[in-house]
Amino acid sequence: MSMFWTIWISVITIGLIIGCYFLLRWCLSNQTGVPEGESMGHEFDGIEELNNQLPRWWTIMFYITIVWGFLYLALYPGLGAYEGLLGWKSSHQNIQSLEESMQARIDAKEQGRLVQYDRELDYAADKFDPIFEAYAQIPVEELANDPEANKVGQRLFLQNCSQCHGSDARGQNGGFPNLTDDDWLYGGSGDKIVETLINGRRAAMPAWLDAMGEDGIDEVVNYVLSLSGRDVDPQLAKAGKARFAACAACHGMDGKGNQMLGAPNLTDNIWLYGGSHRAVTETLTYGRNGVMPAFKKTLGEDKIHVVAAYVYSLSND
């Protein structure tokens, strides 16, 4: 953190604590013009308001919190780049380099200064890593039949994948695939699911408005919808079939897609961004860009293996 932000944070933080002290002192002084213990002239429902100070125990508690605030900020990090007198850190983790963070943890452990979060990570690693290592020796397709492994995989899925694919893994419109059917963009084998989770995926559907124009897009939309048995304008679909040659490079002449490219099957009536006439028109007009993040650094390969087995089980019950 730069010196500017360190000063900025420190001034505001310390200033607020000092401000609380002076506010307390002001509240303890009699600013009402009414002697203490006398009536303020207010009465409601038989209850009369008196000019009384804050209770003494309450005042003492306020002073204690102010002193505690200064003490805490002196001992622990809280003022920008200042590390505190105790040198406490929550973690030696470095999100920019997994290798450096692991080495920092090893060095800290050898020097007897492993911090709280790292101690917790070590405890979890000692307890759970052998379990994940054992699971990793079992092929995904076989591990998918293990109820205990699937329970672990489900918990990892809910923590890391459900934000996009839903807690039931059925996905949602907007580029989040349903993982419970047998329709796969990049392949649904165990190895392919692991590959997707480790490296992520980046898909790009180009925009065709400039190349086809609005009329041309309408023709292709009608043809594409006809591939899955939808009711369309036959004349427009016929014209769209000729234009579809530009799309066949990815989706194939039969429209059944290409898992090597992540190009969807257009004949099964399963739609990543919606299958209405309007949604398909938007896809062709503006294009689509789908991103599946890589989880290699987040989960590690052994945990990814378990998640892949759980995902595989969803469509192979």
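Computed from a prediction, not measured in an experiment: that's the story for all the values here. Counting from 1, the numbers follow the sequence of the chain as shown.
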Query - Side chains of His277 and Asp218, donor plus acceptor under 3.5 Å - result: yes
Report task. Classify the ring geometry between Trp58 and Phe62 as parallel (under 30°), tilted (30 to 60°) or perpendicular (over 60°). Result -> parallel
Requested in this report: Over all heavy atoms of both residues, which pair between Ala149 and Leu143 is shortest? Give the atoms and the distance, please.
Outcome: CB-CD1, 3.6 Å
Query - Trace of the side chain to side chain contact (heavy atoms under 4.5 Å, CB included) decision for Val220 with Met212 - result: CA-CA 9 Å; Val220 174; Met212 295 184 178; 3.7 Å; yes
Requested in this report: Measure the CG-OH distance between Asn150 and Tyr312 for me, rounded to the nearest 0.5 Å.
Outcome: 12.0 Å
Query raised in the report: So, the side chain of Gln172 versus the backbone of Gly166: is there a donor-acceptor pair under 3.5 Å, distance only?
Result: no
Query raised in the report: Just by modelled atom types, is the Val34 backbone N or O under 3.5 Å from a matching donor or acceptor in the Asn30 side chain?
Result: yes
Query raised in the report: Checking Lys303 against Phe132: charged group under 6.0 Å from the ring centre and within 45 degrees of the axis?
Result: yes
Requested in this report: Take Asn178 and Thr180 through the side chain to side chain donor-acceptor pair (under 3.5 Å) test and state the conclusion after the steps.
Outcome: CA-CA 6 Å; Asn178 181 352; Thr180 65; 2.6 Å; yes
Requested in this report: May I ask you to check whether over 12 heavy atoms, not counting those of Tyr76, lie within 6.0 Å of atom OH?
Outcome: no
Query raised in the report: Distance-only, no hydrogens or angles: does the Glu49 side chain make a donor-acceptor pair with backbone N or O of Ser39 under 3.5 Å?
Result: no
Report task. Classify the side-chain pair Ser189/Asp191 by whether it contains a donor and acceptor separated by less than 3.5 Å. Result -> no
Report task. Evaluate the side chain to side chain contact (heavy atoms under 4.5 Å, CB included) criterion for residues Lys256 and His251: first the C-alpha distance (whole Å), next the side-chain angles of each, then the deciding distance (0.1 Å), finally the verdict. Result -> CA-CA 6 Å; Lys256 292 186 178 296; His251 295 280; over 6 Å; no
Requested in this report: For Val311 and Phe157, run side chain to side chain contact (heavy atoms under 4.5 Å, CB included): C-alpha distance rounded to whole Å, both residues' side-chain angles, the deciding distance at 0.1 Å, then the answer.
Outcome: CA-CA 8 Å; Val311 171; Phe157 180 90; 4.1 Å; yes
Report task. Carefully, step by step, assess Trp271 and Asn269 under the rule side chain to side chain donor-acceptor pair (under 3.5 Å). Result -> CA-CA 6 Å; Trp271 303 90; Asn269 208 24; 2.9 Å; yes
Report summary line: So OH of Tyr186 and CD of Glu195: to nearest 0.5 Å the spacing works out to 10.5 Å
Report task. Verify side chain to side chain contact (heavy atoms under 4.5 Å, CB included) between Leu156 and Gln159, making sure each step is shown before the conclusion. Result -> CA-CA 5 Å; Leu156 289 171; Gln159 294 165 1; 4.0 Å; yes
Query raised in the report: Quick one: does Glu48's side chain have a donor or acceptor within less than 3.5 Å of a partner on Glu43's backbone?
Result: no
**Report entry** Under 3.5 Å donor-acceptor, Ser228 side chain and Leu225 backbone
**Finding:** yes
Query raised in the report: Counting N and O atoms only, with roles assigned by atom type, does the side chain of Asn222 sit under 3.5 Å from a partner on the main chain of Asp233, one being a donor and the other an acceptor?
Result: yes
Report task. Give the ring-plane orientation class for His165 versus Phe176, where under 30° counts as parallel, over 60° as perpendicular and anything between as tilted. Result -> perpendicular
